[in-house]
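Only one structure is covered here, and it is reproduced in the block below.
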2 protein chains.
Amino acid sequence: MNKKVTINDIAMIANVAKSTVSRYLNGGSVSVHTREKLDGIVQKYNYTPNTFAQSLKQQTNHTIGVIVPRLDSIAQSDMLRGLDELNIDDTFLIINVYQDSARELAAIEKLQSQNVSGLIILTANLTEEIRSVIKASKLPTVIQGQDEAEFNRVIMNDIQAGKTVGNYLQKLAPKNVLLLNVDMSLDYAVGHDRFVGIKSALNGMPHKEIITDFKLNIAKQSAYQAMIHEDFDLIIGATDRIVVGAMQSAFALHQKPRYIGFGQSYFSETVSPNLTSFEFSFFEAGKELYRLFRKVRDNNTIQIQRIVIDGKLIIRDSTN
Amino acid sequence: MNKKVTINDIAMIANVAKSTVSRYLNGGSVSVHTREKLDGIVQKYNYTPNTFAQSLKQQTNHTIGVIVPRLDSIAQSDMLRGLDELNIDDTFLIINVYQDSARELAAIEKLQSQNVSGLIILTANLTEEIRSVIKASKLPTVIQGQDEAEFNRVIMNDIQAGKTVGNYLQKLAPKNVLLLNVDMSLDYAVGHDRFVGIKSALNGMPHKEIITDFKLNIAKQSAYQAMIHEDFDLIIGATDRIVVGAMQSAFALHQKPRYIGFGQSYFSETVSPNLTSFEFSFFEAGKELYRLFRKVRDNNTIQIQRIVIDGKLIIRDSTN
DNA sequence: TTGTATGCGTTATCAG
DNA sequence: CTGATAACGCATACAA
């Protein structure tokens, strides 16, 4: 590692005090003469401040800890892209916690010990312990995904999503509907909110609800079990991934139901038939998260905020 | 932000000098008496060292800059998982450069100015400028994906991949093969190496090669153009994604060729039919990257290393 | 406008 | 084994 040039070196070379250089760098008052002198020297020696020294001095830094439950998902990477989009001078320290709350807790504690200036938690599924660690940390924090009353949050409008899908499914006039849902204690926004409108639209219609899992293979099995005993002409899954599982079972069973999914995934346009699904812009969600985070960090007396992102139903071949 | 307790506080409380505390913390010689005293106090006040002060003092830190071309890809997230897997005390600063070499250059410079202790560059596609910036930085660096002679690297055995697929395709005895490749100047490992064995196996057989793009939609169009004029009974794409594009065109054209892809993607097991493809373990690649990085960082007199990851052909429905 | 002096939290040197 | 002191690079209060 080649020695980096420090503010002291610059000061020596320019024959001024280092405080003058510091002022010069931070936009303090400097005479035209010294400014010009320093312009050249800083350029020439390619000076960049030592961020550790800065952070140590200023007791804060521009690193934001971002906790993501998984990385192999378009929703997550779109949100991260949204964060990047609006970012100017922050650095995101992204930590994948592999959907494991023990890892999540450890990550938060590690981030704290690294003195990050705040926390952005994607697709939060907080345990009581995690909640209290965050609150104890006093770090500016913004979460996404669950409607946690005590935290600043950006959430997807799953109620609207369910309502929209409910309206649409009535037009489809199905004879027998299979709902593939997930346990609401695992994900309330999905397991509960997303299905309120659907169930109300389904009132009086023949249908069956199965609780399955986010994983493709498990969803596939659950769907298979249900479909082998009963014929469905419309399948609604809590996520696109779940629907794809069902599609594979239908393929195996030579059935051809219609499908509706949720989410914006690789799947919607790569499976055949292309999937009708209710989609949220996670990219927008990412931008909102960053905006909200800035507000919270720069103005720490702010009231808890709640931002809701709407989505829309994209009709594709799977409901034709 | 609640004041963190510092080594000074601990020293005051324990009634010893802070240098003693420091020694205690770093495993220096301390009397049993003071050790026990400090044990309790450090526990009680939940002391953690200030990483900025440490880094400032030690002129180095445990942050590794990781540059990734995109995040919405299983290959990338698997490699990141591999890095995590073996990591003990490093922090990865992951930067998505959106497959844009200008952003990549900027990212490298930013990481440098943040004094990261090294660089891991995934799926490197280096420009001359980037090469020279990395070399000038003197940072321990490990790259992945391209066989860059001047850098420590972990590469996938695309030669073996092509050879294996070549052997297999001969058994399939196709009548007319469509190769969907990408420009080798964009990605030499894929565009060239991966197809050497295939082309040699194809020698004398009817086939056509089209240069298309990694993007699904473009691949779909290219495939469509080719398939509308000619019948193919086997399609080999440079990546799974490209093959999925071709599948969609085949679907539209009511053709049913067989398919072979490359990569380990969401697609292989979600499309119908499931895709036969040559798969690499990017998870293993990630682990090797980290191992190699450690070697390079901890032993900077080491010779440039080159590690090759083999893969294997997974036969699924698309070639039945 | 400029320079001096001090401190951020830590580690390292060196004398006791 | 211990403690005083300096130093890492920077920012700032204060004095000039």
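Throughout, protein chains are lettered first and strands after them, A, B, ... in sequence-line order, and every chain is numbered starting at 1. Computed from a predicted structure; not experimentally measured.
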When the distance from [atom1] of [X] to [atom2] of [N] is rounded to whole Å, what number comes out?
X       : N     : atom1 : atom2 : answer
B:Asp9  : C:dC8 : CG    : C1'   : 12 Å
B:Asn15 : D:dT2 : CG    : P     : 13 Å
B:Glu36 : D:dC1 : CD    : P     : 14 Å

Under a 4.0 Å threshold between the charged nitrogen and the carboxylate oxygen, would [Y] count as salt-bridged to [X]?
X        : Y        : answer
B:Asp84  : B:Lys287 : no
B:Asp78  : B:Arg81  : yes
B:Asp39  : B:Lys44  : no
B:Asp9   : B:Lys4   : no
B:Arg294 : B:Asp89  : yes

How would nucleotides 7-16 of chain D be written as a contact map, 5' to 3', with B for base contact, S for sugar-phosphate-only contact and - for no contact, using protein heavy atoms under 4.0 Å? BBBBBB----
Evaluate A:Asp187 against A:Gln146 for side chain to side chain donor-acceptor pair (under 3.5 Å), listing each step before the verdict. CA-CA 8 Å; A:Asp187 190 327; A:Gln146 297 293 335; 2.6 Å; yes
Touch check for B:Ser55, heavy atoms < 4.0 angstrom, all strands: base, sugar-phosphate only, or nothing? nothing
Once you apply a heavy-atom cut-off of 4.0 Å, does A:Val16 come out as touching a base, just sugar-phosphate, or nothing? sugar-phosphate
So for atom NZ, which belongs to B:Lys135, do other residues, nucleotides or ligands contribute more than 12 heavy atoms lying within a distance under 6.0 Å? yes
Is atom NZ of A:Lys295 surrounded by more than 12 heavy atoms (other residues, nucleotides or ligands) closer than 6.0 Å? no
Give a yes or no on whether the backbone of B:Ile130 and the side-chain of B:Thr127 come within a donor-acceptor separation of less than 3.5 Å. yes
Contacting residues from residues 37-46 of chain B, given that a heavy atom lies under 4.0 angstrom of DNA chain D: none
Please determine if a side-chain N or O atom of B:Ser31 lies less than 4.0 Å away from the OP1 or OP2 oxygen of D:dT2. yes
Check the phosphate of D:dT2 against B:Thr34, side-chain N and O only, distance under 4.0 Å to OP1 or OP2. Yes or no? yes
I'd like to know if the side chain of A:Arg297 pairs up with that of A:Ser117 as donor and acceptor (distance under 3.5 Å, no hydrogens or angles considered). yes
Going by atom types only, do B:Thr91 and A:Gln114 share a side-chain donor-acceptor pair under 3.5 Å? yes
Rounded to 10°, the angle between the first-five-pair and last-five-pair axes of the helix from C:dT1-D:dA16 to C:dG16-D:dC1 is 40°
